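These notes concern the structure reproduced below.
These numbers were taken from a predicted model, which means no experiment stands behind them.
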Amino acid sequence: MILKTILLQEESNLIPVDQLGQKLLKKIGISWNKKYRKQYGPLRKFLQLHSQTFLLSSDESTVRLLKNSTLQAEPDFQRNDQQIFKTLPSESPGFNGRTSCPHWFDINDSKVQPIKEKDIQQQFQGKESAYMLFYRKSQLQRPPEARGNPRYRVPRHLLSEMDAANIELQTKRAECDSTENNFELHLHLGPHYHFFNGALHPVGSQTESVWDLTFDKRKTLGDLRQSIFQLLEFWEGDMVLSVAKLLPAGLHVYQTLDGDSLTLSEIELADGEDIFVWNGVEVGGIQIPAGRDCEPLLLNVLHLATSSEGGKCQQLIEFPHVFPSNAEVGTVFTSLAIPGGVVLINNTESIGEKNWTTIPKVDLKKTFREQGLRNGSSILIRDSNHDNSLLAKQEKWITSMNEIDWLQVKNLCELESEEEQVRISATVNTVVFDIRIKAIQELKLMKELAENSCLRPIDRNGKLLCPVPDNYTLKEAGLKMGSSLGLCPGRAPTSSQLFLFFAVGSDVQPGTEMEIIVEETLSVRDCLKIMLEKSGLLGDAWHLRKMDWCYEAGEPLCDEDATLKELTICSGDTLLLIEGKLPPLGFLTVPIWWYQPQHPSGHWKSHQDRRNCTPSQGGIWRAISAQGAPGDVHAEVSLHYLGDIDISEDATLMELKSQAMTLPSFSEFVIPSPAFLRAWTVESKRPSRLLRADQQQLKEYKLGRRTEICLEPLQKEENLGPQDVLLRTQMRLPGERAYALPMNMVWDAARGWTAGSLRQRVADFYSLPVEKIEIAKYFPEKFEWLPISSWNQQITKRKKKKKQDNLQGAPYHLKDGDTIGVKNLLAEDDDDFSTVTDDIGKEKQKQLALGKRKSQEALRVQSSHVFSGAETPARPRGPEASLSIHVGSFR
């Protein structure tokens, strides 16, 4: 057997199963799945069924050849391939024992072929024949052992060359065959779809609902159906394959594939074809319309409606809707629950005044396809009693009200007026100055406000945003129709000025920001002085940081001589006043913390900013709970603040440790040398990233100016390799919902970040059988344990082959410093990893989330009192789209 031959060539007759498949591919030129899976099933299943010959490990990752195994009768698939390894093409007729009838052979370089005697003279005549040699066999009669064996007495080196050439030829033939005849199909699985809004849509992610399958187009439709049956182990009942197509409205089913005896080439399936796999009748209990006639169309529907305020302004409501192409146009009224009206269509992509055509009532019985509508076309529905001046005699829409809508302006000038807010009709080309003047007039405010007021947008939380310049149009200002604006005292910034928010400290509460208008050519140093003066702060030990998109303090503005414009500071940005002077260029100010895991449950004790901390007994700095970070409140870390060090970015990690040991607070600890310290970065108030190489420069770690580092003492020196993972393991105490003290374990992940490899390492670490342990990763921010099973498998996105899971990816995201809980199944066999502390933490998180929700509701109610009035009708939301973000490993 080929598999036996491969195993006999390995040391100890042992090999990983995945390498066995690779060596088989290299040996015969074709993979197990392509040649033998259909007849014998997966490779692991074949090895399990032949347990008298092969022995799989407990986790089925390796296979060994049993020493007692006797040579079995070779299966059919082995006999078919014997020619590849043992024989060349069958013996020529001249060697079948008929010695009385000799044969001639023409040997021309690498080409050998039989030739008749009468053709010899003709073959070797002319100028091209330089010389001709004649050979005769030394022994005309072959011995019995040579009969049927063309490899008889052929030198070994020639046999090796022949075998290598045959294998290479077979591999090239297989590659050429795969390139010429294989194509890819996209399988859309019916159980993962549901039918709504006129088309099929995936229930979950695209990865679960669509599988890619590479298949040979020379095979029949029946072979394809059988392969899909084997691939979908969960399928029950009939299976129907239909050609589908992705349309703007969703997935639509066309014709059903019939004729299992026909090849895929005869059916004319194209490369990349979408195939819908279902029962042929319904999906999710809903009967599916199929065929080109009922193809769904995604149309933009615009409904022209009069507002409820006495017809002062009109609203053009736009939203997408799906209609079958064979439905009558008149069904638009029943589908949208509109009593009746006039229908106008626009077949062009742009919505303009001269592109609308009215459909007569007689033509409302025609289908959408007969009217020439396609995906992206627009339909305008107007009330039948609307002003007829909007329609011309040629049934063209020539009204000038295109894009007319309104804005809501609220009085925030602290002046009494008859009305608190008004609606101002406008278009996208209306200038902000005209809206402001009209709002002052309708609010009946003082005319003096025309020279000392501005309009500021109001967001959904009631916050006033940056003022809008008077010379901007609504389109240039990015204002949408139906938005709310506040009429506020004070002039808007000019084109050379910036309107900035600023606050003191990194913990910014909503509504506590201060405002300032400065010139964009102002330097960072002068801007800092102005903000300090306005905040009433003294001293020069302050610096500015820009708030990032997570509403946290970002990188500091290091170049204090640079202008705000050069640093791309824009109007509406928020700057934070942070205490502390910035280090010189090329240097880092790094806060150093002392970290020593000591809590028996493994939950870290929290630390807070050193300015807000107070020392407790034993030198441990206890933290006050941080608002807005529920995971940090209960996930505790014992950290002791040692002080700050100023160090060059060109310094090494070893030099940082040495300099940290010179801090006065470090004197209470006894550490022989920097090699007995382990360095971590601190993120979210707990150790995060392990800094490994002591001789690596700090700038290569890309620490940044906000990085804090904690040092952990070691009992002995350590030298972690690039593939070593440092984990903290805790053995669960039998009969208790608690764990023993944590122990550091180094796991070599060079052979893959698989669950099986990690389980084996943990079992060896605790001297337990691998099948008698269960492990789980702890998520302290959620107070949850996630079991890690070696049976987890994933489906690749491109080709639906099963592969081992990667613990670096979702849902585990395993990294250095993670806590791994270990359960001994010999003493405890339940699947609960949680502790009493986890229950308390989850309950506190619920209470904190409830309090946060109540505070948000109170803030919303308060905002509604301040900005009372008619609510702005919500604009229709566009269709949601999935977003995939692929992040590489930066470890």
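- Taking the six-membered ring where the residue is Trp, H50 and F46 present tilted rings, their angle falling between 30° and 60°.
- Going from atom NZ of K35 over to atom CG of L24 covers 10.0 Å, rounded to the nearest 0.5 Å.
- What you find for L298 and P320 is that their closest heavy atoms are CD1-CB, 4.0 Å.
- Other residues, nucleotides and ligands contribute at most 12 non-hydrogen atoms within 6.0 Å of the NZ atom of K23.
- For K777 (side chain) and H813 (main-chain N/O), a donor-acceptor pair under 3.5 Å exists by modelled atom type.
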Assess whether side chain to side chain contact (heavy atoms under 4.5 Å, CB included) is satisfied between T358 and V343, documenting all intermediate values.
CA-CA 6 Å; T358 304; V343 178; over 6 Å; no
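- Outside the 6.0 Å centre-distance limit, the rings of Y812 and W753 are not counted as a close aromatic pair.
- Between Y36 and I28 the shortest side-chain heavy-atom distance falls below 4.5 Å.
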In sequence, state the C-alpha distance, the side-chain angles, and the governing distance for D830 and K823, and then conclude on salt bridge (charged side-chain N to carboxylate O under 4.0 Å, His left out).
CA-CA 9 Å; D830 64 334; K823 183 177 292 189; 3.3 Å; yes
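- Looking only at atom types and distance, the side chain of N33 has no donor-acceptor partner in the side chain of S31 under 3.5 Å away.
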Would you sort out whether D212 and L185 count as a side chain to side chain contact (heavy atoms under 4.5 Å, CB included), showing the intermediate values?
CA-CA 6 Å; D212 294 339; L185 299 174; over 6 Å; no
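- A distance of 5.5 Å separates CG in L3 from CG in L20, rounded to the nearest 0.5 Å.
- At least one donor-acceptor pair closer than 3.5 Å links the side chain of N279 to the backbone N or O of E282.
- The shortest distance between side-chain heavy atoms of V329 and F368 falls below 4.5 Å.
- Within 6.0 Å of atom CG in D829, 12 or fewer heavy atoms from other residues, nucleotides or ligands are found, so the atom counts as exposed in its surroundings.
- A salt bridge links D818 with K815; the closest basic N to acidic carboxylate O contact falls under 4.0 Å.
- Side-chain contact between L299 and L373 is present, with at least one heavy-atom pair separated by less than 4.5 Å.
- Side-chain contact check for T62 and S57: at least one donor-acceptor pair (N or O, by modelled atom type) lies under 3.5 Å.
- Side-chain contact between Y254 and H252: present, with at least one pair of heavy atoms (C-beta onward) separated by less than 4.5 Å.
- Note that the CG atom of L47 and the CZ atom of R44 stand 8.5 Å from one another [nearest 0.5 Å].
- Applying the salt bridge (Lys or Arg N to Asp or Glu O under 4.0 Å) rule to pairs touching residues 363-372 yields D363-K366, sequence neighbours excluded.
- The heavy-atom pair separating I788 from A755 by the smallest distance is CG2-CB, 3.7 Å.
- Taking 4.5 Å as the limit, every side-chain heavy atom of T220 sits out of range of all side-chain heavy atoms of S261.
- Side chain of T331 to backbone of A327: no donor-acceptor contact under 3.5 angstrom is found.
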For L814 and L758, what are the C-alpha separation, side-chain angles and deciding distance, and is it a side chain to side chain contact (heavy atoms under 4.5 Å, CB included)?
CA-CA 11 Å; L814 196 66; L758 176 59; 4.0 Å; yes
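- Cation-pi check for K219 over F215 is met; the charged atom lies under 6.0 angstrom from the ring centroid and within 45 degrees of its normal.
- A search for ring pair (Phe, Tyr, Trp, His ring centres under 6.0 Å) contacts involving H194 returns F196, not counting sequence neighbours.
- The closest side-chain donor-acceptor pair between Y778 and E784, if any, does not fall under 3.5 angstrom.
- Heavy atoms only, all atoms of each residue included: L200 and F276 are closest at CD1-CZ, 3.7 Å.
- Under the 3.5 Å distance criterion, the side-chain polar atoms of T179 are matched with a main-chain donor or acceptor of E175.
- Within a 6.0 Å radius of CZ in R292, no more than 12 heavy atoms belonging to other residues, nucleotides or ligands are found.
- Between the CD1 atom in I345 and the OG atom in S378 there is a gap of 10.5 Å [rounded to 0.5 Å].
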Can you give me every donor-acceptor pair (side chain of residues 266-274, partner residue at least two apart or in another chain, under 3.5 Å) with its distance?
residue, atom, partner, partner atom, Å
E266, OE1, T263, N, 3.2
D271, OD1, E184, N, 2.8
E273, OE1, A270, N, 3.3
D274, OD1, H188, NE2, 2.8

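- Atom CG of D260 is separated from atom CG of L221 by 5.0 Å, given to the nearest 0.5 angstrom.
- A donor and an acceptor atom, one from each side chain of W785 and D838, are located under 3.5 Å apart.
- In this structure, the side chains of V301 and F323 come closer than 4.5 Å at one or more pairs of heavy atoms.
- Counting heavy atoms from C-beta on, the side chains of L336 and I381 come closer than 4.5 Å.
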Let me have the donor-acceptor pairs involving side chains of residues 235-245, under 3.5 Å, with sequence neighbours excluded, atom names and distances please.
residue, atom, partner, partner atom, Å
W235, NE1, D238, O, 3.1
S242, OG, T256, OG1, 3.3
S242, OG, W278, NE1, 3.0

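- The closest donor-acceptor contact from the side chain of R759 to the backbone of I773 lies under 3.5 Å.
- Results of the side chain to side chain donor-acceptor pair (under 3.5 Å) test with E843 over Q845, Q847, K846 single out Q847 as the only residue that passes.
- Without hydrogens or angle criteria, S265 side chain to K217 main chain gives a donor-acceptor distance under 3.5 Å.
- Partners of F833 by ring pair (Phe, Tyr, Trp, His ring centres under 6.0 Å), not counting sequence neighbours: none found.
- Q760 is linked by a side-chain hydrogen bond (donor to acceptor under 3.5 Å, both in side chains) to D764, counting only residues two or more places apart in sequence or in another chain.
- Separation of atoms OG1 (T357) and CG (L380) is listed at 11.5 Å; rounding is to 0.5 Å.
- A donor-acceptor pair under 3.5 Å is formed between the side chain of N181 and the backbone N or O of D177.
- Considering every non-hydrogen atom in both S209 and P202, the closest pair reads OG-CB, 3.4 Å.
- Of all non-hydrogen atoms in G250 and A199, the two that sit nearest each other are CA-CB, 3.8 Å.
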Set out, in order, the CA-CA distance, both residues' side-chain angles and the distance that settles side chain to side chain contact (heavy atoms under 4.5 Å, CB included) for L302 and L344, then state yes or no.
CA-CA 9 Å; L302 298 94; L344 299 92; over 6 Å; no
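- Considering only heavy atoms from C-beta on, P324 stays 4.5 Å or farther from E295 through its side chain.
- For the pair V322 and P296, the tightest heavy-atom approach, listed with the atom from each and the gap, is CG1-CB, 3.6 Å.
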